[in-house]
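Structure record follows, encoded as structure tokens.
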Amino acid sequence: MISVSEALDHVFSLVAPLPSETVALRDALGRVLAAPLTARLTQPPFPSAAMDGYAIAARTAAPGATYRVIGESAAGHGFWEFVGAGDGVRIFTGAPLPDGTDRVIIQEDVTRDGDRITLGDRLDTGDHVRAAGQDFRQGDAFQPRGPLRPIDLALIAAMGHGEVSVTRRPEVAIIATGDELVAPGETPGPDQIVASNNLGLAAMIDRAGGRARLLPIARDTTASLDTAFDLARGADMVVTIGGASVGDHDLVAQVAEGRGMEQSFYKVAMRPGKPLMAGRLDGAPMLGLPGNPVSALVCGQVFVLPALRVLMGLPAAPAPRQTVPLGTDLPANGPREHYMRASLQDGRAHVADRQDSALLSVLAGADALVIRPPDDPPRGAGDTVEVIAL
């Protein structure tokens, strides 16, 4: 067996960022920019009012000063005449400052009588002007550290872009294997169960920015597995579930190797998830996950999603971790890295009493995985541990 970090390094060696494509900005949420963008525009493009009030020359502002109002400047309807020292312009937030003005006196500090205004006895010290280019300037570069968020799309739009070049969305073929499986909605036989891992992994991949392709359940025969692998051709990554062990009915590795798979490793010192396999098949990276529900979904968090992020154009990195105190005592850990289901309450990680790898209900009730290093000594409530948020 190899360690989780060694296995992850092997997985990263199998994947690389996909080619780029150009998409409309409306369709770019969650995508990764293929290259930095440069602003085509300056924002604001002109000095503008930050408050409603009157635009005047700052040098003339004094308590009790009077001005003649010669026009109005509103957003989308600027006043384009020069404003002399004794004149002012009614102005609204976001409107361009007219030539000859560089200060906005807020309307609360002004008394108006017809076309004359008088400044109050006490004036605040702010100029209430947003300088041109205060937000960004033409030519400024922008490349966020992660997938594009709603606020990133708003900024890119303001920079003058209607479409962007992003890394292509990875397509991941998912193959659930086993004679014991039936599709959701079907009635299982006396020795069968409903396939659920493939749906959970597909949702995990879709939510992370990939595109999951659910293939038909492969039966425990060479012919059925060969057909499934044929259907998976063209995918950017292939994920199998179950059949990766060495039992008489575990045929995934045997069939894959018969098709020329270059195996990177088999078995990882982790729980749940020990019978994990990775390699390259038909030119695509392949991950063979264990069949137990919790094992498959934990391996999805630890291996599949980090690999997916590399395909999307992000740096190779393990699943993000954070450090929190324990809310429960834990006994010493064994020789394998343990990913324990836990819930985060009051800033502490409360580890579930039951950790069997077949218990989906326990995983569904968890929002974090507490990571125990190999041979970790006993831990008490209040000790800090690393967790992966779910």
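The side chain to side chain donor-acceptor pair (under 3.5 Å) check on Glu21 picks up Arg31, with sequence neighbours excluded.
Under 4.0 Å is where a charged nitrogen must lie from a carboxylate oxygen, and between Asp236 and Arg168 at least one such pair does. A salt bridge is defined here as a Lys NZ or Arg NE, NH1 or NH2 lying under 4.0 Å from an Asp or Glu carboxylate O, and Arg149 with Asp152 meets this definition. Arg103 has no carboxylate O lying under 4.0 Å from a charged side-chain N of Asp127, or vice versa, which leaves the two without a salt bridge. Classification of Arg259 and Asp282 as a salt-bridged pair holds, one side-chain N sitting under 4.0 Å from a carboxylate O. Salt-bridge check for Arg68 with Asp87: passed, with a basic side-chain N closer than 4.0 Å to an acidic carboxylate O.
Heavy-atom minimum distance, Ala253 versus Met277: CB-SD, 3.6 Å.
Asp52 and Thr93 share a donor-acceptor pair across their side chains, judged by distance under 3.5 Å alone. The closest side-chain donor-acceptor pair between Tyr67 and Thr60 falls under 3.5 angstrom. Side-chain atoms of Gln355 and Arg341 form a donor-acceptor pair, as typed in the model, at a separation below 3.5 Å. Between the side chains of Asp124 and His128, at least one donor N or O lies within less than 3.5 Å of an accepting N or O.
Residues Val351 and Val302 do not share a hydrophobic cluster, defined by chaining ILVMFWY side chains whose heavy atoms lie under 4.5 Å apart. When the side chains of ILVMFWY residues are joined at heavy-atom separations under 4.5 Å, either directly or via intervening members, Leu363 and Val370 end up in two distinct hydrophobic clusters.
The side chain to side chain donor-acceptor pair (under 3.5 Å) contacts involving residues 316-336 comprise Arg321-Glu386, where partners must be two or more places apart or lie in separate chains.
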